[in-house]
Amino acid sequence: MVNAAKKIPVGAHYGWQDWLAQRVTAVIMVLFSAVIIGFFMLKSGVNYVEWKELFRLQLFRILALLFLLSVYYHAWIGIKDVLMDYIKPAGIRVGLQVAVLLFLLACSIWSVTIIWGA
Amino acid sequence: MPSPQPVPRQRPKYYDLNLLHLPMPGLVSIFHRITGVVMFLFLIPAVLFVLQGTLGSEAGFNQWKSIFSQPIVKLIVLGFVWSYLHHLFAGIRYLLLDIHVGVELQPARTSARIVLALGLMATILVGVRIW
């Protein structure tokens with residue numbers, strides 16, 4: 001276990017929860033992608049009515065949102081790792097991390113409005 | 001008594017930015033990272049814009065349909081398709097490495113080759129499909 005008192009706010013090396021979340025979200029994305037890619041590779045073109053009908057199905061809405069939220073959580077962990085690797089000054093790193101987090105939160109809200117507004 | 005100012009350990013530095021010098025697992029790894037960052041920056045907003053546009057109105061749907069019929073746009077789409085698929089296949093490889101499948105040098109090199117080939121072949125398949 002990591003001693004909590006020694007934790008550095010912008011440090012690395014204690015991210016097993018992130019590690020697990022990154023993999024769980026990855027599996028969700030792979031499963032959803034396989035279904036969607038299979039669907040569009042077999043079906044020849046989609047018209048507007050079919051496209052709207054798909055997004056009116058409550059089950060599809062929930063699965064689509066689950067997929068997008070997985071993308072955002074997965075991206076947050078990945079981008080945070082990249083920032084920890086390349087951006088050393090703590091202030092800039094935290095600033096960029098906050099910007100990424102706010103962007104992804106905004107994307108989450110936007111996704112809900114798009115899917116349930118359809 | 002330990003010295004008050006410890007000298008930082010000298011670490012090896014690697015500044016060769018020519019990716020082609022990397023061994024296959026390294027190439028798959030750096031592509032995994034680059035595609036991840038590129039998708040975060042461009043694909044996420046693009047997908048949301050297209051979803052909003054195509055679901056908003058029939059006019060918007062038809063507008064996006066004509067945009068996607070342009071060859072340059074198809075090429076950009078294929079670039080993102082490769083990014084997504086490479087990231088996906090490389091990710092599955094990491095999941096297998098996590099459960100200690102293929103951690104030896106030779107299998108790791110072979111699986112890296114397979115990942116790179118699968119990403120490219122699947123992209124070509126999608127390219128044939130959308131053209």
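First the proteins, then the strands, lettered A, B, ... as listed; each starts at 1.
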Pairwise side-chain contact, Leu51(B) with Trp51(A), heavy-atom cut-off 4.5 Å (strictly under): yes
Heavy-atom pair count under 4.5 Å with chain B, highest-scoring of Val27(A), Val49(A), Val82(A): Val82(A)
Heavy-atom closest contact (Lys52(A) atom, Leu55(B) atom, distance): NZ-O, 2.9 Å
Under 4.5 Å from a heavy atom of chain B, the part of Ile115(A) involved: neither
Heavy-atom pair of closest approach, residues Pro45(B) and Phe103(A): CG-CZ, 4.0 Å
Segment of Ile34(B) engaging chain A (4.5 angstrom heavy-atom cut-off): neither
Largest heavy-atom contact set with chain A, pairs under 4.5 Å, which of Val37(B), Val47(B), Asp98(B), Ile92(B): Asp98(B)
Neighbour count >12 (heavy atoms, 6.0 Å) for atom CD, Gln58(A): yes
Top contributor to chain B contacts, counting heavy-atom pairs under 4.5 Å, from Val71(A), Asp85(A), Thr113(A): Asp85(A)
ring-ring contact (aromatic ring centres under 6.0 Å, His included) between Tyr48(A) and Trp64(B), worked out: CA-CA 11 Å; Tyr48(A) 179 67; Trp64(B) 277 110; over 10 Å; no
Minimum side-chain heavy-atom gap Leu95(B)-Val30(A) below 4.5 Å: no
Portion of Phe49(B) that has a non-hydrogen atom of chain A nearer than 4.5 angstrom: both
Exercise: identify the closest heavy-atom pair between Val46(A) and Phe61(B): O-CZ, 3.3 Å
Residue Leu75(B) excluded, over 12 heavy atoms near CG under 6.0 Å: yes
Neighbour count >12 (heavy atoms, 6.0 Å) for atom CZ, Phe42(B): no
Side chain / backbone / both / neither for Leu88(B) at chain A, heavy atoms under 4.5 Å: side chain
Spatial distance of atom CZ (Arg33(B)) from atom CD1 (Ile79(A)) [nearest 0.5 Å]: 9.0 Å
Transitive ILVMFWY side-chain link Leu85(B) to Ile114(B), under 4.5 Å: yes
Hydrophobic cluster membership, Val35(A) vs Val81(B), 4.5 Å side-chain cutoff: no
Nearest-0.5 Å distance, CG of residue Leu68(A) to CD1 of residue Ile44(B): 9.0 Å
Atom pair NE2/NE2 of His74(A) and His87(B) - distance to nearest 0.5 Å: 4.0 Å
ILVMFWY cluster, Val77(B) and Ile36(A) together (side-chain gap under 4.5 Å): yes
Minimal non-hydrogen separation, Lys43(A) against Arg129(B), with atom names: O-NH2, 2.7 Å
Region of Asn62(B) in contact with chain A, defined by heavy-atom distances below 4.5 Å: neither
Trp131(B) with Trp82(B), same ILVMFWY side-chain cluster at under 4.5 Å: yes
Atom group of Ile130(B) that falls short of 4.5 Å from chain A, counting heavy atoms: neither
Under 4.5 Å from any heavy atom of chain A - which part of Leu48(B): both
Hydrophobic cluster membership, Ile62(A) vs Leu31(A), 4.5 Å side-chain cutoff: no
Residue pair Ser33(A) / Tyr84(B), side-chain donor-acceptor N/O under 3.5 Å: yes
Heavy-atom check, side chain of Phe40(B) versus side chain of Val100(A), under 4.5 Å: yes
